Number of protein chains: 2
Amino acid sequence: MPLQNCIECMISFNDRNGLTTEVSKVSKRVRQEDIAKELGLSINSVSLALKNSKRINEETRQRVHQVAKELNYIPNSIARSLVEKKSKIIGFILPKITNPVQIETAQLIERKLMANGYNMMLMTTDSDRDYESFALDILVSRQVDGIFLFPTNKQNQDKIRSIRNAHIPMVLLSGGNYEPASDSVYMNQFKGAYKAASHLAQLGHRQIAFIHGGPANMEKYTGYQAALKDNGIEFDEELVITVDNYSYEQGYLSAAKLFSKGGVTALFASSDYLALGALRWCREQGMRVPEDMAIVGFDDLEAAQYAEIPLTSVTYKVEELTTLAVELLYRLITEEEQAKSKPIRIEIEPTLQIRSSCGYKSKNRQ
Amino acid sequence: MPLQNCIECMISFNDRNGLTTEVSKVSKRVRQEDIAKELGLSINSVSLALKNSKRINEETRQRVHQVAKELNYIPNSIARSLVEKKSKIIGFILPKITNPVQIETAQLIERKLMANGYNMMLMTTDSDRDYESFALDILVSRQVDGIFLFPTNKQNQDKIRSIRNAHIPMVLLSGGNYEPASDSVYMNQFKGAYKAASHLAQLGHRQIAFIHGGPANMEKYTGYQAALKDNGIEFDEELVITVDNYSYEQGYLSAAKLFSKGGVTALFASSDYLALGALRWCREQGMRVPEDMAIVGFDDLEAAQYAEIPLTSVTYKVEELTTLAVELLYRLITEEEQAKSKPIRIEIEPTLQIRSSCGYKSKNRQ
DNA sequence: TTGTACGCGTTATCAC
DNA sequence: GTGATAACGCGTACAA
């Protein structure tokens, strides 16, 4: 689909399908007018009665509710949104729905929003700059009351800034060691990666490989590099592999490339799936983990904990993050919090969950 | 939140928050009227120009587009939806976002929808009857153009039927050996479970345990029972455990309960995660898989393939299913397909992907 | 307590 | 080709 000029594409969409002219056979939905006619009241009275206004007679109120139920009246949110200038929809944009942590974040946020009458519109970007931009336009067009965005690296910074300037509440769920373009609540991936790589370095490893998912993982990449530097290890580009999705398979294939040459003694993977795929390769090749190869993952999925060799992984409290994120968005929606020149920035610091796969004998070792 | 009388809850929502009276500091979005004023045209001409009507002068058309871009005009989908009686939103209801196969289904469907100008509203039910009913009401209220629903067992059959009667396009993504309440495209879970349990029975196992996730897994349950019966094995309730989510942990705990007594030689789990959790328990207890315990899972996740002992699992083509489901929904939307008295029913038959965990020496054994 | 009139932003039907 | 005018369904002043 044409991502260029996406607004134009949205504008002219109707020309492309022939649906408009078709006779709608949809049985008319019942409106307030219908129940007004039924009772010989005005639409207004019905409207007031339905929202239990005290300015309406208790008896008529009950009769209206009665008839509404009988006719199976369901309010038209679209019409309501138009007049109230609130859609009660929150947009949620994330790169890929297959990222378990991001989708868990979405789930928790959806639950919290639902409790306040909001619903969630979900869009994916595949980490693509144009898709991300397009998704933002769509959500603005749909008059969402707020947006959660897992931005991919520093894409669309200008657009994000302009949305913020338009006072559309938006909370970024990713960020790093740079000035964010909008208010944000996120786990510091830089620090997480730094901790992981440092840990491996301090266990004595000098050749630490790194697998990452491209632009979406830039912060992890820089964290990895910083850790090497601080531990006096020279960065070697040969030890880094970029993959295009976080799968066991990609981890498996990357391990084959990275480890066959020999020399490498440790791996830091930007996702647990990648780490577990690599783990599988090691097992097949008769490599012992952690003795021959130390492995650290990222996200601390349940799969990491239950792996053959329980996986050391970078972790953080998703529940805590989502709570903060929703709170911040509500503050922005109610404008308790004005859009200040400097975006609010709430950071969660990740920790390293140490298990067997890195070879460190912790007291809590599993 | 009050799930009873959900419509009333929706109706009276505004009373509960105090936002309505607050002064909106949102800088006014630009409307067609603004660009009309700017050019000394009528709103109508602007509207026509924006959608590239041939009934408008080419020069003015261009001027309108020009100004629209300058003012950063973004169309208001809410207003458009109101008059067109089409929201271009598709609702998607699923029990839990943490089910990888269901969420992959959602992802694939979202992509296909997006290519046609639709967006997706996502809701979760937690397999709860009232939540499911509530979600349906919300989506109807929001005037969605169609609904995908992973129904939980036979909940809300009447509501589903009434939505169908109201000619709101809806495709069910789950079903079984019973007359579905609406048009549906789904993988036959009964057959999948039947194949899995039969396979174990035919390998000689007589005590086959079963872990399932409650009402959402009824079809698998009956498939399991049917397989036992057809293989002359008496059903033993003691060998069945119900869990409330598909996690490694639940599988691990269930294995502890089921296997400690002894006697059981095989396990069929209604989800790969459960199976892998059980696998972990076996390893810790020194039980060999498949020699001491044969295990079969469901869904054929990547984790199953890459497990320590690659897991035999029930599988099907999600891509194929989503393609059929989207096609069917479009047919219903364009009313090529009238809502007939008898719902359309498209079934995908799952297959058993045999790997090492069940002990069967297939030629393709991994 | 209830009804009337108007507005929300857009599209569609007519005139001109 | 272009511009009034009337919808769409609901909320809210303001009258009655």
Side-chain angles (χ1 to χ4, degrees), chain A residues 7 10-15 19-21 24 26 28-37 39-64 68 71 73-88 140-143, chain B residues 7 10-15 19-21 24 26 28-37 39-64 68 71 73-88 140-143:
Chain A
I7 296 303
M10 289 155 58
I11 293 168
S12 60
F13 179 80
N14 296 324
D15 295 340
L19 307 188
T20 7
T21 53
S24 170
V26 173
K28 272 213 165 231
R29 314 259 224 275
V30 339
R31 303 151 301 168
Q32 296 188 347
E33 188 181 340
D34 299 318
I35 100 173
K37 264 190 249 165
L39 286 162
L41 288 171
S42 75
I43 303 184
N44 187 357
S45 303
V46 173
S47 176
L48 290 175
L50 285 176
K51 60 176 34 159
N52 301 317
S53 164
K54 296 141 206 154
R55 296 170 33 201
I56 214 85
N57 191 352
E58 172 60 19
E59 190 202 322
T60 48
R61 194 190 70 77
Q62 289 192 354
R63 274 167 50 215
V64 168
L71 296 183
Y73 168 72
I74 295 184
N76 184 328
S77 305
I78 298 269
R80 173 185 288 177
S81 295
L82 187 60
V83 41
E84 289 195 337
K85 291 174 161 296
K86 283 187 296 173
S87 63
K88 286 284 171 180
V140 171
S141 166
R142 289 205 181 272
Q143 318 293 114
Chain B
I7 296 303
M10 289 156 60
I11 293 169
S12 60
F13 179 80
N14 296 324
D15 296 340
L19 307 185
T20 7
T21 52
S24 170
V26 173
K28 273 212 167 237
R29 316 259 223 277
V30 338
R31 303 152 300 166
Q32 295 187 349
E33 186 181 340
D34 298 320
I35 101 173
K37 264 191 249 166
L39 286 164
L41 287 171
S42 75
I43 302 182
N44 190 345
S45 303
V46 173
S47 177
L48 290 175
L50 285 176
K51 58 175 34 161
N52 301 317
S53 164
K54 296 140 206 155
R55 295 170 34 199
I56 213 85
N57 190 352
E58 172 60 19
E59 191 202 320
T60 47
R61 195 190 68 78
Q62 289 192 354
R63 274 166 50 215
V64 167
L71 296 183
Y73 167 73
I74 295 185
N76 184 328
S77 306
I78 298 270
R80 171 184 290 178
S81 296
L82 187 60
V83 41
E84 287 196 339
K85 291 173 162 296
K86 282 187 297 171
S87 62
K88 285 284 170 183
V140 171
S141 165
R142 290 205 180 274
Q143 317 293 114

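Just so you know, these numbers use all the heavy atoms, side chains as well, and skip hydrogens, waters and symmetry mates. By convention in this document, chain letters (A, B, ...) are assigned in the order of the sequence lines, proteins followed by strands, and residues within each chain are numbered from 1. Everything quoted here is computed from the prediction, not taken from an experiment.
- With sequence neighbours excluded, the residues that form a side chain to side chain donor-acceptor pair (under 3.5 Å) with A:Ser45 are A:Ser42.
- Residues that satisfy the side chain to side chain donor-acceptor pair (under 3.5 Å) test with A:Glu58, not counting sequence neighbours, are A:Arg61, A:Gln62.
- Nearest heavy atom pair, residue A:Leu50 against residue A:Tyr73, reads CD1-CE2, 3.6 Å.
- Here the nucleotide nearest the side chain of A:Arg80, chosen from D:dG11, C:dT11, C:dT2, is D:dG11.
- Contact annotation: the side chain of B:Arg29 never approaches that of B:Asn76 to less than 4.5 Å [non-hydrogen atoms, C-beta and beyond].
- Between the CD atom of A:Glu33 and the P atom of D:dC10 there is a distance of 9 Å, given to the nearest Å.
- Here B:Leu82 contributes atom CG and A:Arg80 contributes atom CZ; the two are 13.5 Å apart, rounded to the nearest 0.5 Å.
- One finds a side-chain N or O of B:Thr60 lying less than 4.0 angstrom from the OP1 or OP2 phosphate oxygen of D:dT2.
- Contact annotation: B:Tyr73 side-chain N/O to C:dT10 OP1/OP2 distance is under 4.0 Å.
- Rounding to whole angstrom units, NZ of residue B:Lys88 and P of C:dT10 are separated by 18 Å.
- Counting only N and O atoms by type, the side chains of B:Ser77 and A:Ser141 include a donor and acceptor under 3.5 Å apart.
- Phosphate contact (OP1/OP2 of C:dT11, side-chain N/O of B:Gln32, threshold under 4.0 Å): present.
- D:dA7 atom C1' lies 13 Å from atom CD of B:Glu84, rounded to whole Å.
- Of the listed nucleotides (D:dG11, D:dT2, C:dT2), D:dT2 has the atom at the smallest distance from the side chain of B:Leu48.
- Checking the phosphate oxygens (OP1, OP2) of D:dT12, a side-chain nitrogen or oxygen of A:Lys51 falls inside 4.0 Å.
- If B:Ala79 and B:Ser45 are placed on DNA chain D by their nearest nucleotide, the residue sitting closer to the 5' end is B:Ser45.
- The shortest heavy-atom contact between A:Ser87 and A:Gln143 is OG-O, 2.7 Å.
- Rounded to an integer number of Å, the gap from CG of A:Asn52 to P of C:dT1 is 15 Å.
- If you take CG of B:Leu82 and C1' of C:dC8, they are 9 Å apart, rounded to a whole angstrom.
- If you take CG of A:Asn76 and P of C:dC8, they are 18 Å apart, rounded to a whole angstrom.
- A distance of 10.0 Å separates CG of A:Asn57 from CG of A:Leu41, quoted to the nearest 0.5 Å.
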Check the interface with nucleotides 14-16 of chain C: list each N/O to N/O pair with the protein under 3.5 Å, or write none.
unit_1, atom_1, unit_2, atom_2, d
C:dC14, N4, B:Arg55, NH2, 3.3

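- By the salt bridge (charged side-chain N to carboxylate O under 4.0 Å, His left out) test, A:Arg31 is found to be paired with A:Glu33, A:Asp34, residues two or more places apart in sequence or in another chain being considered.
- For B:Ser42, a side-chain nitrogen or oxygen approaches OP1 or OP2 of D:dG3 to under 4.0 Å.
- As rounded to whole Å, 14 Å separates atom P of C:dT11 from atom CZ of B:Arg31.
- A rotation axis mapping the C1' atoms of four pairs onto the next four is fitted at both ends of the helix from C:dT1-D:dA16 to C:dC16-D:dG1 over five pairs, and the angle between these axes is 50° to 10 degrees.
- In terms of phosphate contacts, B:Ser47 brings a side-chain nitrogen or oxygen within less than 4.0 Å of OP1 or OP2 of C:dT11.
- Within 4.0 Å (heavy atoms only), A:Ile56 reaches sugar-phosphate atoms of the nucleic acid but no base atom.
- With contacts defined as side-chain heavy-atom distances shorter than 4.5 Å, the pair A:Leu48/A:Arg55 qualifies.
- Within the nucleic acid shown, A:Leu41 comes within 4.0 Å of sugar-phosphate atoms alone, with no base atom in reach, counting heavy atoms only.
- The side chain of B:Lys85 places an N or O atom within less than 4.0 Å of a non-bridging phosphate oxygen (OP1 or OP2) of D:dG9.
- Rounded to an integer number of Å, the gap from B:Leu50 CG to C:dA12 C1' is 15 Å.
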